[in-house]
Amino acid sequence: MLDHYLVWAVVFLALAFDYINGFHDTANAIATSVSTRALEPKKAIMLTAVLNFLGAMVSTGVAKTIGGDIVMSADLINSGIICAALVGAIVWNLLTWWWGIPSSSSHALIGGIIGAVGISVGFDALNEQGIIKIFLSLIVSPIVAMVGGFIVMKLLLLIFGRFSPITLNDQFRRMQILSATLMAFSHGSNDAQKAMGIITLTLLSGGYIDTLDVPMWVKLACATAMALGTAAGGWKIISTMGTKIFKIETINGFAADLNSAITIFTATFLHLPVSTTHVVSGSLLGVGSSKRVKAVNWGVARSMVMAWFVTIPLSGLVAAIAYLVGHILFG
(Lines give C-alpha, C1' and ligand atoms only; values in the text may rest on other atoms or scores of the structure.)
Protein backbone atom coordinates (compact mmCIF):
# COMPACT_ATOMS: atom_id res chain seq x y z
CA MET A 1 0.00 0.00 0.00
CA LEU A 2 2.88 2.38 0.85
CA ASP A 3 4.44 1.76 -2.56
CA HIS A 4 1.15 2.70 -4.22
CA TYR A 5 1.06 6.01 -2.34
CA LEU A 6 4.71 6.64 -3.14
CA VAL A 7 4.00 6.30 -6.86
CA TRP A 8 1.43 9.05 -6.59
CA ALA A 9 3.86 11.05 -4.46
CA VAL A 10 6.34 10.84 -7.36
CA VAL A 11 3.65 12.03 -9.79
CA PHE A 12 2.86 14.98 -7.50
CA LEU A 13 6.53 15.89 -6.97
CA ALA A 14 7.35 15.54 -10.68
CA LEU A 15 4.48 17.86 -11.58
CA ALA A 16 5.63 20.25 -8.83
CA PHE A 17 9.13 20.13 -10.35
CA ASP A 18 7.65 20.92 -13.77
CA TYR A 19 5.63 23.79 -12.30
CA ILE A 20 8.70 25.23 -10.56
CA ASN A 21 10.73 24.65 -13.74
CA GLY A 22 8.12 26.73 -15.55
CA PHE A 23 8.41 29.84 -13.38
CA HIS A 24 12.13 29.27 -12.75
CA ASP A 25 12.86 29.18 -16.50
CA THR A 26 10.27 31.69 -17.74
CA ALA A 27 13.14 34.15 -18.01
CA ASN A 28 14.77 32.04 -20.70
CA ALA A 29 12.00 32.63 -23.19
CA ILE A 30 10.98 36.21 -22.44
CA ALA A 31 13.80 38.08 -20.68
CA THR A 32 15.24 39.59 -23.86
CA SER A 33 11.88 40.51 -25.40
CA VAL A 34 10.73 42.11 -22.14
CA SER A 35 13.98 44.01 -21.57
CA THR A 36 13.87 45.48 -25.10
CA ARG A 37 10.13 46.20 -24.70
CA ALA A 38 9.25 44.13 -27.74
CA LEU A 39 6.60 42.52 -25.54
CA GLU A 40 4.75 43.66 -22.42
CA PRO A 41 5.60 41.40 -19.45
CA LYS A 42 2.09 40.00 -18.91
CA LYS A 43 1.55 39.31 -22.60
CA ALA A 44 4.98 37.75 -22.87
CA ILE A 45 4.35 35.40 -19.95
CA MET A 46 0.94 34.25 -21.22
CA LEU A 47 2.31 33.72 -24.75
CA THR A 48 5.17 31.69 -23.30
CA ALA A 49 2.82 29.59 -21.15
CA VAL A 50 0.71 28.59 -24.17
CA LEU A 51 3.75 27.78 -26.30
CA ASN A 52 5.41 25.83 -23.48
CA PHE A 53 2.30 23.62 -23.36
CA LEU A 54 2.26 23.09 -27.12
CA GLY A 55 6.00 22.40 -27.23
CA ALA A 56 5.71 19.81 -24.47
CA MET A 57 3.25 17.77 -26.55
CA VAL A 58 5.39 17.32 -29.67
CA SER A 59 7.92 14.64 -28.67
CA THR A 60 8.93 12.11 -26.01
CA GLY A 61 12.50 11.33 -27.08
CA VAL A 62 14.10 13.33 -24.26
CA ALA A 63 11.74 11.69 -21.75
CA LYS A 64 12.98 8.26 -22.82
CA THR A 65 16.58 9.39 -22.43
CA ILE A 66 15.92 10.60 -18.87
CA GLY A 67 13.92 7.50 -18.00
CA GLY A 68 16.21 4.96 -19.61
CA ASP A 69 19.78 6.24 -19.63
CA ILE A 70 20.48 7.27 -16.01
CA VAL A 71 19.75 4.05 -14.11
CA MET A 72 20.94 0.61 -15.28
CA SER A 73 17.46 -0.92 -14.81
CA ALA A 74 14.08 0.24 -13.53
CA ASP A 75 14.07 -2.88 -11.31
CA LEU A 76 16.93 -1.45 -9.22
CA ILE A 77 15.01 1.55 -7.91
CA ASN A 78 11.67 2.30 -6.32
CA SER A 79 9.28 5.20 -5.84
CA GLY A 80 10.90 6.26 -2.56
CA ILE A 81 14.25 6.77 -4.27
CA ILE A 82 12.69 8.83 -7.03
CA CYS A 83 10.78 10.91 -4.46
CA ALA A 84 14.07 11.77 -2.76
CA ALA A 85 15.64 12.68 -6.12
CA LEU A 86 12.79 15.07 -6.89
CA VAL A 87 12.96 16.65 -3.42
CA GLY A 88 16.65 17.40 -4.00
CA ALA A 89 15.95 19.00 -7.38
CA ILE A 90 12.96 21.01 -6.13
CA VAL A 91 14.73 22.38 -3.04
CA TRP A 92 17.72 23.54 -5.10
CA ASN A 93 15.46 25.11 -7.74
CA LEU A 94 13.55 27.04 -5.10
CA LEU A 95 16.72 28.28 -3.41
CA THR A 96 18.27 29.51 -6.66
CA TRP A 97 14.98 31.10 -7.72
CA TRP A 98 14.80 32.93 -4.37
CA TRP A 99 18.35 34.21 -4.79
CA GLY A 100 17.71 35.15 -8.43
CA ILE A 101 20.42 32.80 -9.73
CA PRO A 102 19.69 31.34 -13.19
CA SER A 103 20.84 27.80 -12.36
CA SER A 104 19.85 24.72 -14.32
CA SER A 105 16.73 22.72 -13.48
CA SER A 106 18.18 19.93 -15.63
CA HIS A 107 21.37 19.79 -13.57
CA ALA A 108 19.31 19.81 -10.37
CA LEU A 109 17.24 16.84 -11.55
CA ILE A 110 20.26 14.82 -12.69
CA GLY A 111 22.06 15.62 -9.43
CA GLY A 112 19.00 14.60 -7.41
CA ILE A 113 18.77 11.23 -9.18
CA ILE A 114 22.50 10.52 -8.75
CA GLY A 115 22.41 11.43 -5.05
CA ALA A 116 19.28 9.43 -4.25
CA VAL A 117 20.30 6.33 -6.20
CA GLY A 118 23.89 6.46 -4.91
CA ILE A 119 22.89 6.63 -1.22
CA SER A 120 20.17 3.99 -1.51
CA VAL A 121 21.35 1.16 -3.77
CA GLY A 122 24.88 2.27 -4.64
CA PHE A 123 26.50 4.09 -7.52
CA ASP A 124 26.87 0.82 -9.44
CA ALA A 125 23.16 1.08 -10.23
CA LEU A 126 23.83 4.20 -12.30
CA ASN A 127 24.32 3.88 -16.05
CA GLU A 128 27.75 5.45 -16.47
CA GLN A 129 27.61 5.68 -20.27
CA GLY A 130 24.14 7.21 -20.21
CA ILE A 131 25.11 9.77 -17.60
CA ILE A 132 28.26 10.71 -19.52
CA LYS A 133 26.13 11.25 -22.65
CA ILE A 134 23.74 13.49 -20.72
CA PHE A 135 26.63 15.37 -19.05
CA LEU A 136 28.28 16.01 -22.40
CA SER A 137 25.00 17.30 -23.78
CA LEU A 138 24.59 19.66 -20.82
CA ILE A 139 28.20 20.88 -20.99
CA VAL A 140 28.61 21.20 -24.76
CA SER A 141 25.25 22.87 -25.46
CA PRO A 142 26.06 26.27 -23.86
CA ILE A 143 29.43 26.34 -25.66
CA VAL A 144 27.69 25.62 -28.96
CA ALA A 145 25.13 28.31 -28.10
CA MET A 146 27.86 30.85 -27.34
CA VAL A 147 29.65 30.20 -30.64
CA GLY A 148 26.34 30.20 -32.51
CA GLY A 149 25.23 33.45 -30.88
CA PHE A 150 28.49 35.12 -31.89
CA ILE A 151 28.12 33.92 -35.51
CA VAL A 152 24.43 34.81 -35.83
CA MET A 153 25.02 38.30 -34.48
CA LYS A 154 27.99 38.88 -36.79
CA LEU A 155 25.90 37.77 -39.78
CA LEU A 156 23.05 40.08 -38.83
CA LEU A 157 25.45 43.01 -38.47
CA LEU A 158 27.02 42.14 -41.83
CA ILE A 159 23.62 42.12 -43.53
CA PHE A 160 21.89 44.98 -41.70
CA GLY A 161 24.82 47.01 -40.38
CA ARG A 162 24.31 49.81 -42.89
CA PHE A 163 20.92 50.74 -41.38
CA SER A 164 20.63 53.24 -38.54
CA PRO A 165 20.22 51.91 -34.98
CA ILE A 166 16.72 53.43 -34.77
CA THR A 167 15.59 51.62 -37.92
CA LEU A 168 17.10 48.35 -36.74
CA ASN A 169 15.40 48.58 -33.36
CA ASP A 170 12.01 49.28 -34.92
CA GLN A 171 12.24 46.41 -37.41
CA PHE A 172 13.70 43.82 -35.08
CA ARG A 173 11.16 44.59 -32.37
CA ARG A 174 8.59 42.75 -34.52
CA MET A 175 11.07 40.02 -35.43
CA GLN A 176 11.88 39.50 -31.77
CA ILE A 177 8.29 38.47 -31.07
CA LEU A 178 8.77 35.66 -33.61
CA SER A 179 12.09 34.56 -32.10
CA ALA A 180 10.61 34.65 -28.56
CA THR A 181 7.77 32.45 -29.82
CA LEU A 182 10.24 29.89 -31.19
CA MET A 183 12.23 30.04 -27.97
CA ALA A 184 9.16 29.38 -25.79
CA PHE A 185 8.04 26.46 -27.96
CA SER A 186 11.51 24.88 -27.93
CA HIS A 187 11.71 25.28 -24.13
CA GLY A 188 8.53 23.28 -23.70
CA SER A 189 9.68 20.65 -26.19
CA ASN A 190 12.78 19.82 -24.13
CA ASP A 191 12.25 20.76 -20.50
CA ALA A 192 8.77 19.32 -19.85
CA GLN A 193 9.96 15.93 -21.04
CA LYS A 194 12.29 15.55 -18.07
CA ALA A 195 9.39 15.20 -15.63
CA MET A 196 7.63 12.92 -18.16
CA GLY A 197 10.66 10.65 -18.11
CA ILE A 198 10.74 10.50 -14.30
CA ILE A 199 7.03 9.63 -14.01
CA THR A 200 7.27 7.03 -16.78
CA LEU A 201 10.33 5.43 -15.13
CA THR A 202 8.40 5.24 -11.84
CA LEU A 203 5.37 3.63 -13.50
CA LEU A 204 7.68 1.12 -15.20
CA SER A 205 9.58 0.26 -12.00
CA GLY A 206 6.27 -0.21 -10.17
CA GLY A 207 4.86 -2.53 -12.83
CA TYR A 208 2.09 -0.14 -13.89
CA ILE A 209 3.30 -0.08 -17.52
CA ASP A 210 5.38 -2.55 -19.55
CA THR A 211 7.49 -0.21 -21.69
CA LEU A 212 9.15 3.20 -21.40
CA ASP A 213 6.56 4.79 -23.69
CA VAL A 214 5.09 7.94 -22.13
CA PRO A 215 1.31 7.63 -21.45
CA MET A 216 -0.85 10.42 -22.86
CA TRP A 217 -2.11 11.48 -19.42
CA VAL A 218 1.51 11.98 -18.32
CA LYS A 219 2.22 14.19 -21.34
CA LEU A 220 -0.88 16.29 -20.71
CA ALA A 221 -0.21 16.60 -16.97
CA CYS A 222 3.44 17.65 -17.42
CA ALA A 223 2.65 20.08 -20.22
CA THR A 224 -0.08 21.68 -18.10
CA ALA A 225 2.12 21.92 -15.00
CA MET A 226 4.90 23.65 -16.93
CA ALA A 227 2.43 26.04 -18.61
CA LEU A 228 0.89 26.99 -15.25
CA GLY A 229 4.33 27.51 -13.73
CA THR A 230 5.35 29.69 -16.65
CA ALA A 231 2.20 31.77 -16.19
CA ALA A 232 3.31 32.43 -12.59
CA GLY A 233 6.45 34.15 -13.90
CA GLY A 234 9.98 34.38 -12.57
CA TRP A 235 10.83 38.06 -12.25
CA LYS A 236 14.06 37.79 -10.27
CA ILE A 237 15.75 35.66 -12.92
CA ILE A 238 14.21 37.74 -15.72
CA SER A 239 16.09 40.70 -14.24
CA THR A 240 19.40 38.80 -14.30
CA MET A 241 18.99 37.34 -17.78
CA GLY A 242 17.51 40.43 -19.40
CA THR A 243 19.52 43.29 -17.96
CA LYS A 244 22.68 42.24 -16.13
CA ILE A 245 24.69 40.33 -18.77
CA PHE A 246 24.94 43.21 -21.24
CA LYS A 247 22.77 46.03 -22.58
CA ILE A 248 20.40 44.29 -25.00
CA GLU A 249 18.92 45.92 -28.09
CA THR A 250 16.18 44.34 -30.19
CA ILE A 251 18.57 42.94 -32.81
CA ASN A 252 20.62 41.34 -30.00
CA GLY A 253 17.50 39.86 -28.46
CA PHE A 254 16.39 38.44 -31.80
CA ALA A 255 19.81 36.88 -32.40
CA ALA A 256 19.98 35.34 -28.91
CA ASP A 257 16.44 33.91 -28.99
CA LEU A 258 16.75 32.54 -32.52
CA ASN A 259 20.10 30.91 -31.79
CA SER A 260 18.82 29.44 -28.51
CA ALA A 261 15.72 28.01 -30.20
CA ILE A 262 17.81 26.38 -32.94
CA THR A 263 20.18 24.85 -30.36
CA ILE A 264 17.35 23.46 -28.23
CA PHE A 265 15.37 22.16 -31.22
CA THR A 266 18.48 20.32 -32.41
CA ALA A 267 18.98 18.74 -28.99
CA THR A 268 15.32 17.70 -28.80
CA PHE A 269 15.55 16.15 -32.28
CA LEU A 270 18.59 14.15 -31.07
CA HIS A 271 16.70 13.13 -27.88
CA LEU A 272 19.24 14.95 -25.71
CA PRO A 273 18.29 16.91 -22.58
CA VAL A 274 19.85 20.36 -22.36
CA SER A 275 19.65 23.17 -19.87
CA THR A 276 17.59 25.96 -21.36
CA THR A 277 19.17 28.33 -18.85
CA HIS A 278 22.66 27.38 -20.01
CA VAL A 279 21.76 27.64 -23.68
CA VAL A 280 20.19 31.10 -23.34
CA SER A 281 23.05 32.34 -21.16
CA GLY A 282 25.55 31.04 -23.72
CA SER A 283 23.66 32.72 -26.55
CA LEU A 284 23.59 36.04 -24.71
CA LEU A 285 27.31 35.86 -23.95
CA GLY A 286 28.08 35.05 -27.60
CA VAL A 287 25.85 37.83 -28.93
CA GLY A 288 27.28 40.34 -26.45
CA SER A 289 30.85 39.36 -27.28
CA SER A 290 30.21 40.00 -30.97
CA LYS A 291 29.82 43.71 -30.18
CA ARG A 292 32.95 43.73 -28.06
CA VAL A 293 34.20 41.48 -25.28
CA LYS A 294 34.04 44.29 -22.70
CA ALA A 295 30.33 44.80 -23.44
CA VAL A 296 29.58 41.64 -21.45
CA ASN A 297 29.37 41.67 -17.66
CA TRP A 298 31.65 38.70 -17.12
CA GLY A 299 31.19 38.95 -13.34
CA VAL A 300 27.57 37.85 -13.72
CA ALA A 301 28.72 35.15 -16.12
CA ARG A 302 31.22 33.85 -13.55
CA SER A 303 28.56 33.68 -10.83
CA MET A 304 26.33 31.70 -13.22
CA VAL A 305 29.13 29.25 -13.98
CA MET A 306 29.76 28.76 -10.27
CA ALA A 307 26.06 28.00 -9.78
CA TRP A 308 26.23 25.50 -12.67
CA PHE A 309 29.19 23.66 -11.09
CA VAL A 310 27.68 23.35 -7.60
CA THR A 311 24.12 22.46 -8.69
CA ILE A 312 24.68 18.73 -9.30
CA PRO A 313 26.59 17.95 -6.06
CA LEU A 314 24.36 20.11 -3.85
CA SER A 315 21.06 18.87 -5.27
CA GLY A 316 22.49 15.36 -4.98
CA LEU A 317 23.36 16.00 -1.33
CA VAL A 318 19.84 17.27 -0.57
CA ALA A 319 18.38 14.21 -2.32
CA ALA A 320 20.60 11.87 -0.30
CA ILE A 321 19.53 13.55 2.96
CA ALA A 322 15.88 13.36 1.89
CA TYR A 323 16.24 9.62 1.23
CA LEU A 324 17.89 8.98 4.62
CA VAL A 325 15.20 10.97 6.46
CA GLY A 326 12.45 9.12 4.59
CA HIS A 327 14.12 5.77 5.29
CA ILE A 328 14.30 6.55 9.02
CA LEU A 329 10.67 7.72 9.18
CA PHE A 330 9.03 5.08 6.99
CA GLY A 331 11.54 2.22 6.95
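All values below were derived from every heavy atom in this structure, side-chain atoms included, with hydrogens, water molecules and symmetry-related copies excluded. Here the structure is a predicted model, which means the values were calculated and not measured.
- Atom CZ of Phe12 is surrounded by 12 or fewer heavy atoms from other residues, nucleotides or ligands within 6.0 Å.
- The CG atom of Leu203 sits 7.5 Å away from atom CD1 of Ile199, with the distance rounded to the nearest 0.5 Å.
- Here the side chains of Leu138 and Ser106 are in contact, with some heavy-atom distance below 4.5 Å.
- Distance alone, capped at 3.5 Å, places no donor-acceptor pair between the Asn93 side chain and the Phe17 backbone.
- For residues 54-66, every residue pair satisfying the salt bridge (charged side-chain N to carboxylate O under 4.0 Å, His left out) rule, not counting sequence neighbours, is listed here: Lys64-Asp213.
- Inter-residue side-chain proximity for Thr268 and Gln193 is flagged as met; some heavy-atom pair is nearer than 4.5 Å.
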Item to check | Step-by-step side-chain contact (heavy atoms from CB on, under 4.5 Å) determination, Thr200 to Ile209 | outcome: CA-CA 8 Å; Thr200 305; Ile209 56 176; 3.7 Å; yes

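- Checking side-chain atoms of Ser290 against main-chain N and O of Val287 turns up a donor-acceptor pair under 3.5 Å.
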Next on the checklist: Working note: Thr48 + Thr181, criterion side-chain contact (heavy atoms from CB on, under 4.5 Å); need CA distance, chi angles, decisive distance, verdict.
Outcome noted: CA-CA 7 Å; Thr48 303; Thr181 299; over 6 Å; no

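- Using a 4.5 Å heavy-atom cutoff, the side chains of Ile81 and Ile119 are not in contact.
- For the atom pair Asn21 CG and Asp191 CG, the distance stands at 4.5 Å (nearest 0.5 Å).
- Side-chain polar atoms of Lys219 and Thr60 form no donor-acceptor pair below 3.5 angstrom.
- Side-chain contact between Thr202 and Tyr208 is absent, with no heavy-atom pair separated by less than 4.5 Å.
- Inspection of the Ser283 and Ser260 side chains reveals an N or O donor paired with an N or O acceptor under 3.5 Å.
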Next on the checklist: Please evaluate residues Trp8 and Tyr5 with respect to the criterion side-chain contact (heavy atoms from CB on, under 4.5 Å), reporting the C-alpha separation (whole Å), side-chain torsions for both, the decisive distance (0.1 Å), and the verdict.
Outcome noted: CA-CA 5 Å; Trp8 288 106; Tyr5 286 125; 5.7 Å; no

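- Just one of Asp69, Thr65, Asn127 meets the side chain to side chain donor-acceptor pair (under 3.5 Å) condition when paired with Lys133; it is Asp69.
- Note that CG of Leu284 is 8.0 Å distant from CG of Asp257, once rounded to the nearest 0.5 Å.
- Proximity of Ile262 to Thr266: side-chain heavy atoms (C-beta onward) are separated by under 4.5 Å at one or more points.
- Nearest heavy-atom pair, Asn190 versus Val274, reported as atom, atom and distance to 0.1 Å: OD1-N, 3.3 Å.
- No donor-acceptor pair closer than 3.5 Å links the side chain of Ser137 to the backbone N or O of Leu272.
- In this structure a side-chain-to-backbone donor-acceptor pair under 3.5 Å is present from Ser315 to Ala108.
- Under the 4.5 Å side-chain criterion, counting only non-hydrogen atoms from C-beta, Lys154 is not in contact with Leu158.
- At most 12 heavy atoms of other shown residues, nucleotides or ligands fall within 6.0 angstrom of atom CE in Met46.
- No side-chain heavy atom of Phe269 sits under 4.5 Å from any side-chain heavy atom of Ile264.
- Judged by distance alone, the side chain of Ser281 and the main-chain N or O of His278 form no donor-acceptor pair under 3.5 Å.
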Item to check | Audit row: Ile131, Phe135, side-chain contact (heavy atoms from CB on, under 4.5 Å) steps and yes/no | outcome: CA-CA 6 Å; Ile131 291 175; Phe135 271 11; 4.0 Å; yes

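- With rounding to the nearest 0.5 angstrom, the CD1 atom of Ile312 is 13.5 Å from the CG atom of Leu317.
- Taking 4.5 Å as the limit, every side-chain heavy atom of Met175 sits out of range of all side-chain heavy atoms of Leu258.
- As a member of the Ile/Leu/Val/Met/Phe/Trp/Tyr network built from side-chain separations under 4.5 Å, Val147 groups with Ile151, Leu155.
- Tyr19 OH to Thr224 OG1: the interatomic distance, rounded to the nearest 0.5 Å, is 13.0 Å.
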